[in-house]
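One structure is given here, and the rest of the page talks about it.
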Amino acid sequence: MSNEVQPVGTARLLQLARDKYVATYGCEPVVAASAPGRVNLIGEHIDYCEGFVLPVTIPFETLIVGSYNETDKCNILSVLADEDAQTSFPSSSAESLKPGPPTWSNYVKGSIANFPDPVKGFDAVIVSDVPIGSGLSSSAALEVAVFTFLEALTGKSVDAIEKAQLCQKAEHDFPGVPCGIMDQYIVTMGKKNHALLIDCQSLEATQIPLELGEYVVLVTNSNVKHELTGSEYPQRRAQCQQAAEKLGLSSLRGAKREDLEELKRLNCDKLVIMRAKHVIEEIYRTTEVAKSLRRNDLERVGKLFFQSHESLSKLMEVSCSELDELVDIIRGAPGVLGARMTGGGFGGCVVTLVKRDEVDNLKSIVLKEYSGNPTFFICQTNDGARTHIL
Ligand code: ADP
Ligand code: MG
């Protein structure tokens, strides 16, 4: 069916990267590594409150091939849909790496600069089928793919948790994005047929078996991204922090439902109470989804998805008309157990738990009724970052 985005597949991506490498540098690459994108099943706008997130990997990945070039420069080419992007900069053993243009090179430089050993000059080609800037974490896929490539190139392997944290630091320091830990954790530690429950307070990660039987997770990309003022995210963070402080807590992780009454009694701002209600209930929902997945209670998972969406829309106010429209249409379709917006909001994707047999029907209903131009993919989970034999 049209509007379905199919993964290119690892073998084909490897071939594309290798051909481009030979054409560009005139020799064969020696090492190859890849890392997938991700989507969050539930646990939205609570990572910064030390809550939980429950992401899965998606069947799209970023792959890098390359070899040492016996110089003190790194030359990297990224094959993109419109035009290839090229960048060259000093290796980390030549001089210290600094952020600078082009913007995309900072995701690569960040991983090199945060790699525990100095890295000598290398040539590389990057290929990817992760949609860029769609909230599916092409950025973490790129950072972690590069880091994994460096492990293969240098022979130095880094513990998964440390690696994810170094890649997060790379995104903070180089492109300058103050992201949480979710993306790098799942992209590094993701496991086929599992979701990863991440405790954003202890940073502990637990693999949750994802046995969906006759159901699948369908991702519907609204293909809209509203450029708002940019203050929405810091504002939500600040409001949650304010609620925690009123309660004498360092974060809302420790807050209980009864604390909402206390916030009212303290004459707390109405919006702050709404945000706190979302956070307290979403933390509960996320742990409940993990438990329900373990018990194979998919109906409960679906109900919690719908509740999460409602809360993100009405209490956190981070949805938009397109996402609300999509969830409303999906709610009425046969075989659907639940649906919710995923990611930061104001556009991006919806995740739906739906019977595999009903997927085509659901897609045609959405295509008929939704006012926008959506694309779909079935979320087949895959292992996280890995190396490949060339
Ligand atoms: P998301 O992570 O949701 O896709 P971000 O804005 O966090 O969106 O990251 C997207 C940015 O990451 C791009 O603008 C680009 O700078 C960089 N990037 C991601 N993948 C690639 C790639 N394959 N080649 C070059 N740059 C990439
Ligand atoms: Mg990103």
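Order of listing sets the numbers, starting from 1, for every ligand and every atom in it. Residue numbers count from 1 along this sequence. Values below: every heavy atom of this structure, side chains too, minus hydrogens, waters and symmetry copies.
Linking ILVMFWY side-chain heavy atoms closer than 4.5 Å, directly or via other members, places Leu197 and Ile161 in two distinct hydrophobic clusters.
In terms of modelled atom types and a separation under 3.5 Å, the side chain of Gln168 and the main chain of Cys179 share a donor-acceptor contact.
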Would you check, one step at a time, whether the test salt bridge (charged side-chain N to carboxylate O under 4.0 Å, His left out) holds for Glu310 with Arg340?
CA-CA 8 Å; Glu310 182 78 4; Arg340 57 177 290 275; over 6 Å; no

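The aromatic ring centres of Phe147 and Phe115 sit less than 6.0 Å apart.
Crowding of Lys225 atom NZ: a count of heavy atoms from other residues, nucleotides or ligands under 6.0 Å exceeding 12. In the displayed structure, Glu299 atom CD is contacted under 6.0 Å by at most 12 heavy atoms of other residues, nucleotides or ligands.
Taking a heavy-atom cut-off of under 4.0 Å, ligand 1 is surrounded by Ser78, Leu80, Trp104, Tyr107, Ser128, Pro131, Ile132, Gly133, Ser134, Gly135, Leu136, Ser137, Ser138, Ser139, Leu142.
A salt bridge does not link Lys256 with Glu262: none of the charged nitrogens is closer than 4.0 Å to a carboxylate oxygen. Under a 4.0 Å N-O distance rule, the pair Glu317/Arg275 qualifies as a salt bridge.
Any protein N/O/S atom under 2.8 Å from the Mg ion (ligand 2) was counted, giving 1 altogether.
Just one of Asn40, Leu54, Asp47 meets the side-chain contact (heavy atoms from CB on, under 4.5 Å) condition when paired with Met182; it is Asn40.
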